[in-house]
Amino acid sequence: MAESSFKISVPDAKIDELRQKLRLTRLPDELEDAGWDYGAPLADIRRLVDKWQNGYDWRVHEAQINSELPQFTRDIDVTGHGTLNIHYVHQKSAVPDAIPLLFVHGWPGNFLEVRKILPLLVESSPDHPSFHVVALGLPGYGFSEAPKTKGFKLDQYAEVGQKLMLALGYNEYVTQGGDLGFQINRRIARNYGGKHNKAWHTNFPIAQHPSLLSSPLAYLRALLTPYTAFEKAGLERTNWFETTGRGYYAEHSTKPQTLGYSLADSPVGLLAWIYEKLVAWTDAYAWDDDEVLTWISSYYFSRAGPAASLRIYYEVAKGDKRFPPPSEAPTIPAGFSYFPKEVIVAPRTWKKLLANVVIESEHERGGHFAAHEVPELLVGDVRKMFGKGGPAFGVVPGRTGYA
């Protein structure tokens, strides 16, 4: 599993092809005063398409990414699925005893979600711990090779993360992630917790109301504990998402290949599909057009193409539980961060059965893409968990994170 340095270098032919497709764009009509009710507004998409075709320079952003993020690839053998060439970011702290941390993204993100938190996590200071950071590009995302066979589920994604950390010499480590990263890191904690994975932190701890039959005490506790104002607002946000914002999941988890043709062939279709989520799932985050187009371009130019990123939903829906039973909860320490505009915000009493929760943090701002929207808040929570006086301080033997 030899490591190779990696720089993004999209062929000129692919960039020319993108511009040609953008020139041939045929936009749909739109109802009067539709706003966001029917999806991404026509005016937004028209503006972004024009910028993408006439005012956006991928080469500038490609160079910025390459200069900011130390990237590598290596082959990883996945049980029952052969060898995959995996792309990842790896930056060590100047602190020798920094804590190894695996960051796992979700959809519609990719390895670029680590950009803003990376310099904060590796920062050296006597006031907080420092981390050696590994940002995994999930198979089928960014510049990682995609699975070629059916049945690549959470266990396999967890295996990739585990084997990557071991290959880098990190036999003991912690994890952080949201969205699919929550599910994958929870599986890492369950499968490799104790011996290798020492603790995990997430900003997307999804949960359902405890069951009377399987968890009677937790059920009664949840029933009798009044909801806080934050939790009431969170339940309203969750209801909004489940009733008006989760249609994408139905398609991803049932017929991803059908949708994949549109996303692979139409850059504008890809733009609209993801842009809608970038806006709706954030807390009034002020997206810059170049920022959006870099995000979308990283999908369009991805190694396997955007269709590959959808299939994890199908595999998880067919073989993994959205809400695993308490008997499958990992026992290693877990930390949860709560942001008001996350798409699913469950009451704290519901989440107690997810893991061995040792620290929780609640914030007044932030949404689904916390690492990108409010990096300082997310990193602050991670530092509190693993820093001096925190409940997971010293959890990785010999690596406190301090010089």
Considering only residues two or more places apart or on different chains, which pairs with a residue in residues 259-273 satisfy salt bridge (Lys or Arg N to Asp or Glu O under 4.0 Å)? K21-D265
As a test of understanding, state which of V114, L120, L102, I117 forms a side-chain contact (heavy atoms from CB on, under 4.5 Å) with V133.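 Among V114, L120, L102, I117, the one that satisfies the side-chain contact (heavy atoms from CB on, under 4.5 Å) with V133 is V114.
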Y402 and side-chain contact (heavy atoms from CB on, under 4.5 Å): which partner among P129, S124, P126, S125?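 Checked P129, S124, P126, S125 against Y402; only one passes side-chain contact (heavy atoms from CB on, under 4.5 Å): P129.
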Quick one: pull up [atom1] in [X] and [atom2] in [Y] and give me the separation to the nearest 0.5 Å.
X: E159; Y: I184; atom1: CD; atom2: CD1; value: 13.0 Å
X: L84; Y: D77; atom1: CG; atom2: CG; value: 9.0 Å
X: T175; Y: R187; atom1: OG1; atom2: CZ; value: 13.5 Å
X: Y300; Y: L270; atom1: OH; atom2: CG; value: 9.0 Å
X: D320; Y: R186; atom1: CG; atom2: CZ; value: 11.0 Å
X: H81; Y: K148; atom1: NE2; atom2: NZ; value: 12.0 Å

What is the ring orientation for [X] with [Y], classed by angle as parallel under 30°, tilted 30 to 60°, or perpendicular over 60°?
X: Y56; Y: H61; result: parallel
X: Y299; Y: Y141; result: perpendicular
X: Y248; Y: H252; result: perpendicular

With no hydrogens and no angle check, do the side chains of [X] and [Y] hold a donor and an acceptor under 3.5 Å apart?
X: H128; Y: E123; answer: yes
X: H368; Y: D179; answer: yes
X: E315; Y: Y157; answer: no
X: E242; Y: Y249; answer: no
X: H87; Y: Q71; answer: yes
X: S361; Y: D381; answer: yes
X: D97; Y: T400; answer: no
X: W52; Y: S297; answer: yes
X: H201; Y: Q176; answer: yes
X: N356; Y: T331; answer: no
X: R190; Y: N197; answer: no

Which of these passes side chain to side chain donor-acceptor pair (under 3.5 Å) with N110: S144, S302, S298? S298
Do I86 and L136 have side-chain heavy atoms sitting under 4.5 Å apart? yes
Please evaluate residues F386 and V395 with respect to the criterion side-chain contact (heavy atoms from CB on, under 4.5 Å), reporting the C-alpha separation (whole Å), side-chain torsions for both, the decisive distance (0.1 Å), and the verdict. CA-CA 8 Å; F386 296 104; V395 71; 3.9 Å; yes
Within 45 degrees of the axis of the six-membered ring of [Y] and under 6.0 Å from its centre: does [X] put its NZ or CZ there?
X: K352; Y: W350; result: no
X: K318; Y: Y314; result: yes
X: K163; Y: Y192; result: no

Identify the two heavy atoms, one from [X] and one from [Y], that lie closest to each other, and give their separation to 0.1 Å.
X: G140; Y: P147; value: N-CD, 4.2 Å
X: G177; Y: T202; value: O-OG1, 2.7 Å
X: L354; Y: A207; value: CD1-CB, 4.0 Å
X: G366; Y: D283; value: N-OD2, 3.0 Å

Between [X] and [Y], does any side-chain N to carboxylate O distance fall below 4.0 Å?
X: R115; Y: E68; value: yes
X: D12; Y: R59; value: yes
X: R348; Y: E360; value: yes
X: E236; Y: K341; value: no
X: D290; Y: K51; value: yes

Sequence-distant partners of D289, side chain to side chain donor-acceptor pair (under 3.5 Å), two or more places apart: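 Per chain and number, D289 pairs via side chain to side chain donor-acceptor pair (under 3.5 Å) with R47.
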Other residues, nucleotides, ligands: >12 heavy atoms within 6.0 Å of E364 CD: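 No.
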Quick check on K255: does its NZ atom have over 12 non-hydrogen neighbours (other residues, nucleotides or ligands) under 6.0 Å away?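 No.
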Result of checking W295, Y275, W281 against W287 for ring pair (Phe, Tyr, Trp, His ring centres under 6.0 Å):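 The passing option is W295.
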Apply the test side-chain contact (heavy atoms from CB on, under 4.5 Å) to residues R383 and V379: give CA-CA distance (whole Å), side-chain angles for both, the deciding distance (0.1 Å), then the verdict. CA-CA 6 Å; R383 288 170 175 172; V379 171; 3.5 Å; yes
Centroid separation Y170 to H90 less than 6.0 Å: yes
Quick check: F143 with F6 (ring centres under 6.0 Å apart)?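 Here the rings of F143 and F6 have centres that are less than 6.0 Å from each other.
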Which is it for E231 and Y338 under the side-chain hydrogen bond (donor to acceptor under 3.5 Å, both in side chains) test, yes or no, and what are the steps along the way? CA-CA 10 Å; E231 290 171 335; Y338 308 136; over 6 Å; no
Would E342 and T238 count as a side-chain contact (heavy atoms from CB on, under 4.5 Å) if you check the C-alpha gap in whole Å, the side-chain angles of each, and the deciding distance to 0.1 Å? CA-CA 8 Å; E342 181 55 90; T238 302; over 6 Å; no
